[in-house]
Asks: 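Below are the structure tokens for one structure; questions will follow.
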Amino acid sequence: MKKRLKKKNAYKKYIHDIFNGYEEMISTPDLEKLTFSYLNEETIIYRDDEKKIRFLTRDK
């Protein structure tokens with residue numbers, strides 16, 4: 001039970017960090033790229049050539 005709860009809380013933190021990173025990207029136009037990891041998953045928030053914010057989620 002504790003293991004499942006730890007994984008759930010870690011995933012909540014991962015999602016929370018992604019949203020905070022997105023807000024940071026909006027407020028800081030000079031920031032080009034942020035990377036977040038959870039188990040075998042990786043999410044990258046980056047700016048494209050037109051300076052639009054994009055998300056890329058992939059397995060490691």
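Because the structure is predicted, anything quoted here is derived from the model rather than measured. Positions are given from 1, in the same order as the sequence printed here.
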Asks: Distance check, rounded to the nearest 0.5 Å: Glu32 atom CD versus Asp48 atom CG?
Replies: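 Between atom CD of Glu32 and atom CG of Asp48 there are 10.0 Å.
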Asks: Enter the distance from Arg4:CZ to Lys8:NZ here, rounded to the nearest 0.5 Å.
Replies: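 These two atoms lie 8.5 Å from each other.
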Asks: Report yes if the side chains of Ile53 and Ile26 come closer than 4.5 Å at any heavy-atom pair, otherwise no.
Replies: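 Ile53 reaches Ile26 side chain to side chain.
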Asks: Should Lys51 and Pro29 count as side-chain neighbours, where that means a heavy-atom distance under 4.5 Å?
Replies: no
Asks: To the nearest 0.5 Å, what is the distance between OG1 on Thr57 and CD on Glu41?
Replies: 6.0 Å
Asks: Checking Ile45 against Arg54 for the side-chain contact (heavy atoms from CB on, under 4.5 Å) test, could you report, in this order, the C-alpha distance in whole Å, the side-chain angles of both residues, the deciding distance, and whether it holds?
Replies: CA-CA 6 Å; Ile45 304 173; Arg54 303 285 182 185; over 6 Å; no
Asks: Between Phe19 and Tyr22, does the ring centroid distance fall short of 6.0 Å?
Replies: no
Asks: Measure the shortest side-chain to side-chain distance between Lys7 and Leu39 over non-hydrogen atoms and say whether it is less than 4.5 angstrom.
Replies: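 Yes; the side chains approach each other to less than 4.5 Å.
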Asks: Within this structure, what is the CD1-OH distance for the pair Ile18 and Tyr38, rounded to the nearest 0.5 Å?
Replies: 11.5 Å
Asks: When you check the gap from the basic side-chain N to the acidic O, do Arg58 and Glu42 get nearer than 4.0 Å?
Replies: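 Yes, this pair counts.
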Asks: Please tell me whether Tyr14 and Phe36 form a close aromatic pair, meaning their ring centres lie under 6.0 Å apart.
Replies: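 No: the rings miss the under 6.0 Å criterion.
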Asks: Can you tell me if Tyr11 has over 12 outside heavy atoms packed within less than 6.0 Å of its OH?
Replies: no
Asks: Does any N or O in the side chain of Arg47 come within less than 3.5 Å of the main-chain N or O of Asp30, such that one atom is a donor and the other an acceptor?
Replies: no
Asks: Does the side chain of Tyr46 pick up a donor-acceptor pair with the side chain of Thr35 at under 3.5 Å?
Replies: no
Asks: Does NZ belonging to Lys3 count more than 12 external heavy atoms closer than 6.0 Å?
Replies: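 For Lys3, atom NZ is not crowded (no more than 12 foreign heavy atoms under 6.0 Å).
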Asks: What distance separates Phe55 CZ from Thr43 OG1, expressed to the nearest 0.5 Å?
Replies: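 Reported value, rounded in 0.5 Å steps: 8.5 Å.
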Asks: Which atom pair, heavy atoms only, marks the closest approach of Glu24 to Leu31?
Replies: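 What the structure gives for the nearest pair is OE2-CD2, 3.7 Å.
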Asks: Do the side chains of Glu23 and Asn20 get nearer than 4.5 Å, heavy atoms only?
Replies: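 In short, these two side chains touch, coming nearer than 4.5 Å.
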